[in-house]
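So the structure is just underneath, and the comments pick up after that.
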Amino acid sequence: MPQNPDAMTNVEIAEVFERIANLMEIKGELVFKVRAYQRAAESLRDLPEEAAALDARGELPNVPGIGKAITEKIQELLSTGKLEFLNRLEEEVPPSLLDLLRVSGVGPKKVALFWKELGLLTLADLETAAKAGKIATLPGMGAKTETNILAGIAGLAARGSRMSLGKAFTAGQRWLTWLREFPGVQRAEAAGSLRRFKETVGDLDLVVACADSPALMAAFTSHPGVVRVLGQGENKSSIELHDGLRIQLWSQPPESFGALWMYATGSKDHNVRLRELAQRRKLSLSERGLTDETGNLLRYPSEEEVYAALGLDWVPPELREDRGEVDAALNHRLPRLIETNDLRAELHSHSTWSDGLLSIEDMALAAFQRGHKVLAVTDHSSYLGITRGMKPEDLPRQRAEIEEVRKRLGDRILILHGAEVDIRADGVLDYPDEALAQLDIVIASLHASLRQPREQITARLLNAIRNPHVDIIAHPTGRLLLDRAGADLDWQAVFQAVQENGTALEINAAPQRLDTDDIHARHAVSLGIPITINTDAHSAADLDQAFYGVSVARRAGLEKDAVINTWEPERITAWLKSR
DNA sequence: GCCGTTTTCGGCCCGACTGTTTTCAGTCG
């Protein structure tokens, strides 16, 4: 069945449903209806295939959270790009009100009140009304509400939306060190999306087991870096720092730490699933523990004990996204996820031959020191001037140097001579086949002209995949998180081509890339496509970022054997030769 | 609006904190 190449993507459709949910909430619709649209949006974001493809096979209603009504709305969006239901909703509820929801402390109920009682429509209206003291005249509101709203509006601009996983990780480590040194803190850990290794992180969520919680919370909220205290209680406090970073800190006594850590780790949807499961067992799950029918609170120091009390295996945080992991834990069918120390090879690295910082020998030693048995040196081709890439005629001299280093390092590490070859804007590879044939391993990647239309840029990638010398497609979309959107690929076509050609897809571990993402990596492995996790190292320190890539693989549910980098050197070379 | 080892109708997670209230609604995660 022919598909409309301009059809809306899953992400775009999800955004429509999120808009509907917010508008309906302001309108005062039943919260469960609102929740249904939110769930549908989340489901769409998790889909490895475009909704258009699923719809062509009549499979949309099989997607969790998508029923008859929402299927029809998706079909209307796919065929017309518009939705009559949304148009009518926007006539009832002015869409400019959605901006007001972004102010912290302001939710749908307050927005509805501002709109209906004071006729406010925009953020500017709200600011003017707050300054004029009109907000305090509304029922249930006072002077404090007004100052909070003004502070919230002021904070909107300063407040960065989300941060990269790398920034979150570094900040998290710093705060955990501070917490662990605080008297009475027995344990301090990261939770939230940082612990689940989501590709971007909103707020930092941290948890502690602490004997003297009030003292800790007081110290936390009066830390010198704090510009605003968003909340302070005995068990929970929230602060905003000068750079816009928000941190939430939860505390429970050590005997309840397991339930607290689970709760704060989320995801929200995973928690909801667990609470439903508890309910069916006549229990109630909260961050304090399980409460039985008689009101008796059962406390658990560790997460394992809470999961066990619900009849579940412990679920690795990276899987806690309500994508079927609860059922798997119930049936003892969770995957045995890959771990960072399973890695034996780095197959994408740069040296001073292009834009790397170290010589081939120093890179090889750095990789060896990190437990690797294989290092592929894959310097850039010359298409991108900025990388000081290599001409094909440079390759024999580089090969000679690699031979020298091999002699010096002996059997400590296997060095492969490779290249990261650019796929030019016209789809032609930067090196001729004769040059590629001389290399041990060839990576092809897109770096420029990423905004080409879907058909064009997909054709470009397919051309590289079909070249028999190309072993790996690196960071397929070329995205830079929070900075640059990736190529708008036709993933179905990409999957089919790599499947036919036995090409591997890379999960690029650089925290600003994390490309291939978890959703597509999961689907690729289900199709039998080999995955490789690489740091794209330009320095020794870059090699230490492999765990970010592993976290993507773990979120994708990957086991060790699905990832080439865990294989022994003989198996890797055999795989390369077989191609 | 979705969904079914209690249900095709009647449910749909739980608690902390805040600001306004004298008992609670709204927001948040």
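What's counted below: heavy atoms across the whole structure, side chains too, no hydrogens, waters or symmetry copies.
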Identify whether NZ of Lys or CZ of Arg in A:Arg195 sits under 6.0 Å from the centre of the six-membered ring of A:Trp261 and within 45° of that ring's axis. yes
Are A:Phe32 and A:Tyr37 close enough that their ring centers fall under 6.0 Å? no
Whole Å only: how far is the CG atom of A:Leu310 from the P atom of B:dC13? 15 Å
Does B:dA16 have OP1 or OP2 sitting under 4.0 Å from an N or O in the side chain of A:Gln248? no
Expressed in angstrom and rounded to an integer, what is the separation of A:Leu249 atom CG from B:dA16 atom C1'? 13 Å
Identify which nucleotide among B:dG29, B:dC12, B:dC17 has an atom closest to any side-chain atom of A:Asp203, counting heavy atoms from C-beta outward. B:dG29
A:Lys73 to A:Phe85 six-membered ring, cation-pi geometry met (6.0 Å, 45°): yes
Say we look at B:dC14 and B:dG1: how far apart would their P atoms be, to the nearest angstrom? 25 Å
When you get a sec, tell me which of B:dG1, B:dG19, B:dT27 is the closest nucleotide to the side chain of A:Thr145? B:dG19
Which listed nucleotide (B:dC14, B:dG1, B:dA16) is nearest to the side chain of A:Ile70? B:dG1
Of all the choices, B:dG15, B:dT27, B:dG29, which nucleotide is nearest to the side chain of A:Lys110 once you look at every atom? B:dT27
Identify whether any heavy atom of A:Tyr37 sits under 4.0 Å from a base atom; if not, whether one sits that close to sugar-phosphate; answer base, sugar-phosphate or nothing. sugar-phosphate
Check whether any side-chain N or O of A:Lys236 sits under 4.0 Å from OP1 or OP2 of B:dA16, and answer yes or no. no
Under 4.0 Å between a side-chain N/O of A:Lys144 and OP1 or OP2 of B:dG19, yes or no? yes
Per atom distances to the A:Lys268 side chain, the nearest of B:dG26, B:dG29, B:dG1 is B:dG29
Testing A:Arg323, A:Arg196, A:Arg35 one by one against A:Asp269 for a salt bridge (charged side-chain N to carboxylate O under 4.0 Å, His left out), which residue passes? A:Arg35
Looking only at atom C1', what distance separates B:dG19 and B:dG10, rounded to whole Å? 35 Å
Starting from P on B:dC13, measure out to NE2 on A:His270 and report it in whole angstrom. 15 Å
What is the distance from CZ of A:Arg228 to P of B:dC28, rounded to the nearest Å? 12 Å
So if I take every side-chain heavy atom of A:Ser286 and compare against B:dG1, B:dC14, B:dT27, which nucleotide ends up nearest? B:dC14
Find the partner of B:dT8: check Watson-Crick (N1-N3 plus N6-O4 or O6-N4) and G-U wobble (N1-O2, O6-N3) distances, both under 3.5 Å, and reply none if neither fits. none
A:Val272 or A:Lys68, whichever maps to the more 5' nucleotide of DNA chain B: A:Lys68
Looking at B:dG1, B:dC13, B:dA16, which one has an atom nearest to any side-chain atom of A:Arg288? B:dA16
Is the centre of the A:Trp491 ring less than 6.0 Å from the centre of the A:His523 ring? no
With a 4.0 Å cut-off on heavy atoms, is A:Lys33 in touch with a base, just the backbone sugar-phosphate, or nothing at all? base
Base, sugar-phosphate alone, or nothing: which one does A:Ala191 contact when heavy atoms must sit under 4.0 Å apart? nothing
Which of these nucleotides, B:dC14, B:dG1, B:dT27, is closest to any side-chain atom of A:Gln279? B:dC14
5′-ward residue of the pair A:Asn235/A:Leu30 relative to DNA chain B: A:Leu30
May I ask you to say what A:Asn271 touches in the nucleic acid, namely base, sugar-phosphate or nothing, with a heavy-atom cut-off under 4.0 Å? nothing
Charged N to carboxylate O below 4.0 Å: is that the case for A:Lys198 and A:Asp205? no
If only side-chain N and O atoms of A:Asn148 are considered, is one of them under 4.0 Å from the OP1 or OP2 phosphate oxygen of B:dT18? no
